[in-house]
Amino acid sequence: MKHTDIVEILKSKDLFLGQNITLCGWARTVRSSKGICFIELNDGSSFQGIQLVVDEANCPDYALAQKQGVGAALKATGTVVSSYNNKEVREINVATLEVLGEAPSDYPLQKKRHTLEFLRTIAHLRARTNTFNAMFRIRSTLSAAIHHFFAGRGFVYVHTPILTGSDCEGAGEMFRVTTLDPAMPKRPEISDADFYKDDFFGCKAGLTVSGQLEGETLAMALGKIYTFGPTFRAENSNTARHAAEFWQIEPEIAFAELEDLIELAEAMIKSLISEVLEKCPEEMAFFDKHYENGLVQKLKSIVQQNFVILEYTEAVRILKESKVQFEYPVEWGCDLQTEHERYITEKVYNKPVFVINYPAELKSFYMKQNPDGKTVAATDLLLPGVGEIIGGSQREDNLEKLERRMKELDMKQEDYWWYLDLRRFGTAPHSGFGLGLERLLLYITGIGNIRDVAIFPRTKGNLQF
RNA sequence: UCCAGAAUAGCUCAAUGGUAGAGCAAUCGGCUGUUAACCGAUGGGUUGUAGGUUCGAGCCCUACUUCUGGAGCCA
């Protein structure tokens, strides 16, 4: 259909003024008086819509226009004019109006604020609201910004497999993938190997919980790589920041130690936020106004300040000396609880904090063992309000140390033979991290629940749409 | 999975154990420039489900379901 995107008219000040054009879009609100009718039209090309003015004197379709409600799909032809009230604003004097698709009175969206909980029950329609229009626009801009950032630094974008036989130990529960008959379940006396030999892959298979191990193989050839794709975790977690399917960015860099990784992570967060602020000012203004007052200022200040780098041991000391009565007591060797992380990020620093060098017992087998014999070169980036957004580490590149650690954890080395080969042949220091796209989106938009930053969120017990 | 809370009209919410209401939406009408337009009228309910206590339950009790907030796990 030949038509002009609304964004083109909004962007160009005078280019379309006085011209006859055709617009297509959906009615957001319809206001009619005697003889004149106003329709706010949005076509998705921008956050903002444009007002159609249907005057009974100039438009034969006035009666039709008056009958339309929120949600109707319309095609209008008319002249671009300056608004009656504000010469800077553009509106359309409609000559002809065609109804492409009516929205009957049981259309669930109304021209009023709906709760996010209600919108989740109509996830197929919620993209037509301001919140989701703005969120999806920012999500798209953010995704493009990720590629811009890494491409600008010479990273190679790689696609690690989604179907996998390797369980990235410690990353979470794996969804099983099988073509075996569910009516013939595995009997306890049969071994995994025997049972799965008749399965599609001839072995136990699942959806990836992380592309890290596969990513490492490419980092050890191409130097700097990143993955950006879906990740699946069958964790029984029911929170505002966990989803069973989410998108993850996982850079992996050869010849990089923990401090190089932290430098990269900080530069990346700042670059991504900057690009969103620059390219989505209307959307960000909307979230600032309706979801988190001061949001834009908060993000601007994040970009300008240095993030904190804090030793785990030092974090424990600060918490112990804080004299705050925590629900979980703080001891060296215990994992930092949410209340501890919040105290550090929100009370002590009020800015992003990299916590580094955690006790080895708390972290995964592949992390670089520090000379102190107690800690590993790992880091979590904690953000005020949303908590952990990045988890990463320098990888153990010493074959003996890695094998010893796997033995301690009772892991089968033969399952990881190719991963260990990376340490056997031309091993080198390397590091990487994982960033949750949806969690960053929560931080940037001020939206409080991960279910509201994905098109159709997958969480425990919910696979609707 | 654990702890706490909630579920009433299409939506957002009221209702002391005693006749279930309002705003918005919808429908009809009015109004020549509206901005979540405005004004008037009308229709709209098995109070999440199943049981129980009571003369009487939206309200009290039990179980279940769903959702929300927090926790654990993590990105």
Side-chain angles (χ1 to χ4, degrees), chain A residues 28-40 48-58 62 66-67 69-71 81 83-86 89 91 93 103-122 129-130 168 170-173 209-212 228-250 265 290 326-328 335-342 362-364 380-383 386-392 433-443 448-451 453 459-462 464:
Chain A
R28 281 293 181 79
T29 110
V30 179
R31 296 176 289 268
S32 67
S33 292
K34 190 178 184 184
I36 193 162
C37 173
F38 304 95
I39 300 174
E40 190 72 29
Q48 227 190 315
I50 200 163
Q51 178 164 272
L52 305 179
V53 183
V54 186
D55 192 327
E56 191 171 19
N58 312 328
Y62 169 75
Q66 237 189 346
K67 279 195 340 212
V70 178
V81 297
S83 165
Y84 190 86
N85 296 321
N86 182 346
V89 174
E91 59 185 28
N93 275 343
S105 60
D106 56 347
Y107 182 62
L109 289 171
Q110 298 168 14
K111 48 184 168 187
K112 67 162 206 167
R113 196 186 153 274
H114 280 109
T115 59
L116 292 172
E117 288 82 8
F118 170 68
L119 292 174
R120 271 174 225 153
T121 68
I122 48 164
T129 63
N130 283 333
C168 190
E173 279 299 307
V209 293
S210 166
Q212 181 201 320
F228 180 23
T231 301
F232 307 88
R233 305 230 174 130
E235 292 291 333
N236 184 14
S237 47
N238 210 313
T239 78
R241 53 185 197 286
H242 285 86
E245 175 179 322
F246 62 98
W247 280 62
Q248 200 171 205
I249 298 102
E250 295 182 288
H290 296 285
F326 292 112
E327 194 186 334
Y328 293 85
D335 214 347
L336 299 181
Q337 304 294 318
T338 297
E339 57 174 347
H340 304 143
E341 296 182 350
R342 289 182 72 112
L362 301 178
K363 294 294 184 181
S364 299
D380 286 352
L381 176 60
L382 311 178
L383 295 187
V386 296
E388 180 178 348
I389 197 168
I390 282 178
F433 64 75
L435 166 73
L437 177 75
E438 285 83 0
R439 287 195 181 170
L440 182 57
L441 212 43
L442 290 177
Y443 186 69
N449 196 310
I450 200 162
R451 294 172 181 84
V453 291
T459 52
K460 180 93 199 291
N462 184 13
Q464 257 209 336

Same-atom distance (P) from B/rU49 to B/rU8, integer angstrom: 10 Å
Spacing of the P atoms in B/rA6 and B/rG17 (rounded, Å): 15 Å
query: Considering only side-chain heavy atoms of A/Glu235, which listed nucleotide, B/rA75, B/rC73, B/rU1, is closest?
result: B/rC73
message: For a 4.5 angstrom cut-off between non-hydrogen side-chain atoms, does A/Glu438 reach A/Leu442?
response: no
- request: Name the nucleic acid region contacted by A/His114, choosing base, sugar-phosphate or nothing; use a 4.0 angstrom heavy-atom cut-off, strictly under.
  value: sugar-phosphate
task: Rounded to the nearest angstrom, tell me the gap between atom CG in A/Asp380 and atom P in B/rA75.
output: 7 Å
query: Can you name the nearest heavy-atom pair linking A/Ile390 to A/Ala265, along with the distance?
result: CD1-CB, 4.0 Å
Mate of B/rA22 where both pairing distances stay under 3.5 Å, Watson-Crick or G-U: B/rU12
task: Show your working on side chain to side chain donor-acceptor pair (under 3.5 Å) between A/Thr231 and A/Arg233 and close with a plain yes or no.
output: CA-CA 7 Å; A/Thr231 301; A/Arg233 305 230 174 130; 5.8 Å; no
message: Closest-nucleotide mapping onto RNA chain B: is A/Asn93 or A/Lys363 further toward the 5' terminus? I mean the 5' end.
response: A/Asn93
Sugar-phosphate, base or nothing in reach of A/Ala57, heavy atoms under 4.0 Å: nothing
message: Output the rounded distance in Å from CD (A/Gln464) to C1' (B/rU66).
response: 12 Å
field: B/rU62 to B/rU68 separation - C1' atoms, rounded to the nearest Å
entry: 23 Å
field: Separation of atom CZ in A/Arg342 from atom P in B/rG70, rounded to whole Å
entry: 8 Å
message: Base, sugar-phosphate or nothing for A/Ile36? Non-hydrogen atoms, less than 4.0 Å.
response: base
query: Just checking A/Glu91: base, sugar-phosphate only, or nothing, at a heavy-atom cut-off of under 4.0 Å?
result: base
- line: When every non-hydrogen atom of A/Val209 is compared with those of A/Gln248, the smallest separation belongs to O-NE2, 4.2 Å
field: Whole-angstrom distance between B/rA20 and B/rA9, as gauged at atom P
entry: 15 Å
field: Nearest-neighbour nucleotide for the A/Phe118 side chain, B/rA75, B/rC74, B/rU12 considered
entry: B/rU12
message: So if I take every side-chain heavy atom of A/Lys111 and compare against B/rA25, B/rU68, B/rC74, which nucleotide ends up nearest?
response: B/rA25
query: Base, sugar-phosphate alone, or nothing: which one does A/Gly35 contact when heavy atoms must sit under 4.0 Å apart?
result: nothing
query: With both distances kept under 3.5 Å, what pairs with B/rG33, Watson-Crick or G-U wobble?
result: none
task: Compute the ring centroids of A/Tyr328 and A/His340, then answer whether they are less than 6.0 Å apart.
output: no
Sugar-phosphate, base or nothing in reach of A/Gln51, heavy atoms under 4.0 Å: base
query: For A/Ser237, which contact category applies under a 4.0 Å heavy-atom criterion: base, sugar-phosphate, or nothing?
result: base
query: In terms of the nearest nucleotide of RNA chain B, which residue is placed more toward the 5' end: A/Ile389 or A/Val70?
result: A/Val70
query: Is the phosphate of B/rG70, meaning OP1 or OP2, less than 4.0 Å from a side-chain N or O of A/Thr338?
result: no
- request: Starting from P on B/rA71, measure out to OH on A/Tyr328 and report it in whole angstrom.
  value: 9 Å
query: Taking CG from A/Leu119 and C1' from B/rC11, how many angstroms apart are they, rounded to a whole number?
result: 10 Å
field: Sugar-phosphate only, base, or nothing, as touched by A/Thr29 at under 4.0 Å among non-hydrogen atoms
entry: sugar-phosphate
message: Regarding A/Phe232, tell me which of base, sugar-phosphate or nothing describes its non-hydrogen contacts under 4.0 Å with the strands shown.
response: nothing
message: At less than 4.0 Å, is any side-chain N or O atom of A/Gln110 found next to OP1 or OP2 of B/rG10? Yes or no.
response: no
query: Which nucleotide, in any strand shown, forms a Watson-Crick or G-U wobble pair with B/rA50, with both distances under 3.5 Å?
result: B/rU62
CA sep, side-chain torsions, deciding dist, call: A/Glu250, A/Ser210, side chain to side chain donor-acceptor pair (under 3.5 Å): CA-CA 8 Å; A/Glu250 295 182 288; A/Ser210 166; 2.7 Å; yes
field: P spacing across the pair B/rU16 / B/rC31, given as an integer number of angstrom
entry: 43 Å
Contact check, side chains of A/Arg451 and A/Leu116, non-hydrogen atoms, under 4.5 Å: no
query: Between B/rA36 and A/Lys112, is there an OP1 or OP2 to side-chain N/O distance shorter than 4.0 Å?
result: no
query: OH of A/Tyr107 versus P of B/rU27: gap in Å, rounded?
result: 15 Å
field: Base-pairing mate for B/rG17 - Watson-Crick or G-U, with both contacts under 3.5 Å
entry: none
message: Taking atom OH as the centre, does A/Tyr84 end up with more than 12 heavy-atom neighbours from other residues, nucleotides or ligands that are less than 6.0 angstrom away?
response: no
B/rG56 pairs with, by Watson-Crick or G-U criteria that keep both distances under 3.5 Å: none
message: Quick check: do A/His242 and A/Glu235 have side-chain heavy atoms less than 4.5 Å from each other?
response: no
- request: Evaluate the side-chain proximity of A/Val53 to A/Phe38: yes if any heavy-atom separation is below 4.5 Å, no if none is.
  value: yes
- prompt: Across all strands, who's sitting opposite B/rG44 as a Watson-Crick or G-U wobble pair, both distances under 3.5 Å?
  reply: none
message: For B/rU1 and A/Lys460 - does any side-chain N or O of the residue sit under 4.0 Å from the phosphate oxygens OP1/OP2?
response: yes
task: Using a heavy-atom cut-off of under 4.0 Å over every strand shown, decide if A/Asp106 touches base, sugar-phosphate, or nothing.
output: nothing
message: In whole Å, I'd like the distance from the CG atom of A/Asn238 to the P atom of B/rC67.
response: 8 Å
message: Using whole Å, what does the distance between atom P of nucleotide B/rG29 and atom CD of A/Gln66 come to?
response: 10 Å
- request: Could you check whether A/Leu440 gets within reach of a base, just the sugar-phosphate, or nothing at all, counting any heavy atom under 4.0 Å?
  value: nothing
query: Taking the six-membered ring for Trp, does A/Phe38 stack with B/rG33 (centroid gap under 5.5 Å, planes within less than 30°)?
result: no
- prompt: What integer number of Å spans the P atoms of B/rA71 and B/rU19?
  reply: 43 Å
query: Are OP1 or OP2 of B/rG69 and a side-chain N or O of A/Asn449 less than 4.0 angstrom apart?
result: yes
message: What's the closest nucleotide to the side chain of A/Asn85 if the choices are B/rA71, B/rU34, B/rU12?
response: B/rU34
message: Would you measure the distance from the P atom in B/rA25 across to the matching atom in B/rA57 and give it in whole Å?
response: 36 Å
task: Rounded to whole angstrom, note down the P distance from B/rU34 over to B/rC39.
output: 14 Å
statement: A/Gln337 has its side chain closest, among B/rC73, B/rU1, B/rU34, to B/rC73
task: Hunt down the Watson-Crick or G-U wobble partner of B/rU1, both distances under 3.5 Å, from any strand shown, or write none.
output: B/rA71
message: So, OP1 or OP2 of B/rU1: does either fall under 4.0 Å of a side-chain N or O from A/Asn236?
response: yes
message: Using a heavy-atom cut-off of 4.0 Å across all strands, would you classify A/Thr239 as base, sugar-phosphate, or nothing?
response: base
- request: Mind checking A/Arg113 for me? I need base, sugar-phosphate or nothing, with any heavy atom below 4.0 Å counting as a touch.
  value: base
